[in-house]
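Notes follow once the structure below has been shown.
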Amino acid sequence: MKYKDEILNKLHNSIKRAKSVLYSAKRNSILNNEEIIYWPLFFSDDTVPFENEVIDTCAISVGLIAFIELISDNIGTDEKLIIDKSVTAILGMRNENGSWPSFVFPSKNNKIFLEGIINDTSFALNALVKIGFLSEKPIIDENILKTYNLTSFQDRVDYLFESISWLKTNRVNKAWYYTGIENFENTESVLPATSSTISVINTLLSIYKSLILCTDIKQSFIKDIEILLDDSIGELLIAQSENGGFSKHRGDIESIAHTCNAICCLLSHYEHARYSSNILTAIKWLLKKRDIAKPNKIKSSDYFDEYAQILSSDKIVFKKRNIHHESFIDALIFCSLQFISNSPYLKNLNFFERFMLSHFITKSLKNLLSRQSNSGNYLGAFKSRRHVPSEEYPIYGIQQSVLGLILANNHPNMFKKIISFKKNTILTSVIVIVTTFIISLLIFYKFSTMELKDSLLFSFLLSVLASLLATIFFEIWKKFYSINVT
């Protein structure tokens, strides 16, 4: 199919460009007297610096995740070096309590302490799992493991569970806020954040799926994660409205970004059937939102989360640093729609909901590809919806977009089904129109002697009855002949 081939070609080219920018944008530095490689949070010219003195946990973690996704199994000498030195940075950035801050300073005369951030701790853990941290042979140099006393499999499990313990200790009502809760005087006034809670759930699911493949793992570890998952998902569902949408915090207005994120998270659960009712209502809520085809119309408050991080130094100076966390809405929409299309809940959608899903997938792919730079210094990067010039092209835009593009590339039949759906829609429309016309003629002939035959009322009643009969005919036909509308 020509249309399908064109789409796959666009996917391949987009992925190829995204891969190239990861090579060109990486930077070198020194952290804890070790040479490291990292990615900046935002790609910017040297003339427009953005915190050039810091190494961002989110940036290096999602950059590494995207890098591994893109190189697949083609790990050569250069790729191995990038992985080794970026993992060295991630390990060196961790706080003693097992958390990760949002960033670190590679060199400062006075020691800077930064509190742990929930999202950044999740990002770092995801990156470690991605490089096979929970396998017998991670794809990192053995000397790095020796430096951090992580040579054995059990050492690495214990290392991750120190971070999980920190996450567990810093919960808010069995879920998570944006930061740890050590610096809150009254934690009862703190509401869980949907985005942070989903981030941790995704991390726990990733760790869980790695651990169950291990034969030597203690069952108590797996049980601890299962309990954490049950508790946190139960708390997450409190942020879901009766209509099905998820909000930034419980009680807030529903958000497209947080609903998309929740759908992806719940569908990734190994027992998602337990939450089938919540998932289905969320899907139906999302498919009613026409703005997902036009992200420019979505308010920025929908996909931005704002909070503050506390910084302190050995001079006992405290400072709050504001963080504006962006969910890359174009990629998030595209990913969530694909999750829905590939899920067992598709069969629970009616014809019109499936029609909108098909339409939204096509539109969201077009929207996402339009965000990618096709020239200049940032060839292959994806443009954010921030308004600061130096923050136009973030590393997380690549990571989240690559996830959606690779997912689509791995499921080419999805586009084949969309094409088939469009053909069936045209055929269905013709059948309904012809059937309506025939039934109208039959009824008109039957009642041709009536005085009301020329009245508008009679014509209206004819069209309503004919449309009703045609719809019933189509539903029966769809049921028995299995029209492919996915």
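Side-chain N or O atoms of D252 include none that pairs as donor or acceptor with a backbone N or O of K248 at under 3.5 Å. A distance-only check finds no donor-acceptor pair linking the side chain of S336 to the backbone of I263 [under 3.5 Å]. Not one N or O on the side chain of N243 forms a donor-acceptor pair closer than 3.5 Å with the backbone of G245. Between the D56 side chain and the L41 main chain, no donor and acceptor come within less than 3.5 Å of each other. A distance-only check finds a donor-acceptor pair linking the side chain of S384 to the backbone of E391 [under 3.5 Å]. The backbone N or O of G98 sits less than 3.5 Å from a side-chain atom of S163, completing a donor-acceptor pair. With K347 contributing its side chain and P344 its backbone, the two residues share a donor-acceptor pair below 3.5 Å. The closest donor-acceptor contact from the side chain of S401 to the backbone of I398 lies at 3.5 Å or more, if one exists at all. Judged purely by atom type and a 3.5 angstrom limit, N170 uses its side chain to pair as donor or acceptor with the backbone of W166. A donor-acceptor pair under 3.5 Å links the side-chain atoms of N367 to the main chain of A293, judged by distance alone.
For the pair L64/I60, no side-chain contact is recorded, criterion being any heavy-atom separation below 4.5 Å from C-beta on. Contact annotation: the side chain of I15 never approaches that of K19 to less than 4.5 Å [non-hydrogen atoms, C-beta and beyond]. For the pair Y303 and I256, the minimum side-chain heavy-atom distance is 4.5 Å or more. The shortest distance between side-chain heavy atoms of L91 and L128 falls below 4.5 Å. Counting heavy atoms from C-beta on, the side chains of I36 and N28 never come closer than 4.5 Å. The closest side-chain heavy-atom distance from I139 to F133 is not below 4.5 Å. Side-chain atoms of V54 and V104, non-hydrogen and from C-beta on, never get closer than 4.5 Å to each other. A heavy-atom distance below 4.5 Å is not found between the side chains of I329 and S327.
Applying the salt bridge (Lys or Arg N to Asp or Glu O under 4.0 Å) rule to pairs touching residues 332-346 yields nothing, sequence neighbours excluded. Contacts classified as ring pair (Phe, Tyr, Trp, His ring centres under 6.0 Å) and involving residues 266-292 (residues at least two apart or in different chains) are given here: Y208-Y270, H269-Y275, H272-Y345. Sorted by first and then second residue, the salt bridge (Lys or Arg N to Asp or Glu O under 4.0 Å) pairs involving residues 297-308 (not counting sequence neighbours) form an empty list. Every pair tested for salt bridge (Lys or Arg N to Asp or Glu O under 4.0 Å) that includes a residue from residues 286-295 fails, sequence neighbours excluded, so the list is empty. Sorted by first and then second residue, the ring pair (Phe, Tyr, Trp, His ring centres under 6.0 Å) pairs with a member in residues 167-201 read Y177-F184, Y178-H249, Y178-Y307; sequence neighbours excluded.
Under the side-chain contact (heavy atoms from CB on, under 4.5 Å) criterion, S199 pairs with N119, S122, F123, not counting sequence neighbours. Residues satisfying the side chain to side chain donor-acceptor pair (under 3.5 Å) criterion with Q400, sequence neighbours excluded, are absent altogether. Every residue meeting the side chain to side chain donor-acceptor pair (under 3.5 Å) condition with T281, not counting sequence neighbours, appears here in chain and number order: Q240. In this view, S99 and N95, N97 satisfy the side chain to side chain donor-acceptor pair (under 3.5 Å) rule, not counting sequence neighbours. Residues passing the side chain to side chain donor-acceptor pair (under 3.5 Å) test with N261: none are found, sequence neighbours excluded. Listed by chain and number, the residues in a side-chain contact (heavy atoms from CB on, under 4.5 Å) with Q372 are S14, R17, A18, F382 (sequence neighbours excluded). Remark: K383 engages E392 in a salt bridge (Lys or Arg N to Asp or Glu O under 4.0 Å) (not counting sequence neighbours).
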Does N126 form a side-chain hydrogen bond (donor to acceptor under 3.5 Å, both in side chains) with S206? I'd like the steps, not just the answer. CA-CA 7 Å; N126 286 338; S206 179; 4.6 Å; no
Given R354 and N350, is the side-chain contact (heavy atoms from CB on, under 4.5 Å) satisfied, shown in steps? CA-CA 6 Å; R354 295 186 184 193; N350 60 42; over 6 Å; no
Verify side-chain contact (heavy atoms from CB on, under 4.5 Å) between L236 and I198, making sure each step is shown before the conclusion. CA-CA 8 Å; L236 170 66; I198 290 174; 3.8 Å; yes
Give the C-alpha distance, both sets of side-chain angles, the deciding distance and a yes or no for side-chain hydrogen bond (donor to acceptor under 3.5 Å, both in side chains) between S241 and E254. CA-CA 7 Å; S241 71; E254 298 136 322; 2.4 Å; yes
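One finds a salt bridge joining E69 and K130 here, because a Lys/Arg side-chain nitrogen approaches an Asp/Glu carboxylate oxygen to under 4.0 Å. A salt bridge is absent between K168 and D231; no separation between the charged side-chain nitrogens and carboxylate oxygens falls under 4.0 Å. Note on E326 versus R386: salt bridge recorded, some NZ/NE/NH1/NH2 to OD/OE distance being below 4.0 Å.
Considering CD1 of I68 and OG of S86, their distance stands at 7.0 Å, rounded to 0.5 Å. For the atom pair L403 CG and F328 CZ, the distance stands at 12.5 Å (nearest 0.5 Å). Atom CG of L267 is separated from atom SG of C335 by 12.0 Å, given to the nearest 0.5 angstrom. Here the straight-line distance linking atom CD1 of I37 with atom OG1 of T88 works out to 9.5 Å at 0.5 Å rounding. Once rounded to the nearest 0.5 Å, the distance linking CD1 of I7 with CG of L365 reads 6.5 Å. In this structure, CG on L11 lies 10.0 Å from CG on N410, to the nearest 0.5 angstrom.
Atom CG of L81 sits in a crowded spot, with more than 12 heavy atoms from other residues, nucleotides or ligands closer than 6.0 Å.
Ring geometry for F42 against Y396 counts as perpendicular: the plane angle is over 60°, on a 0 to 90° scale with 30° as the lower cut.
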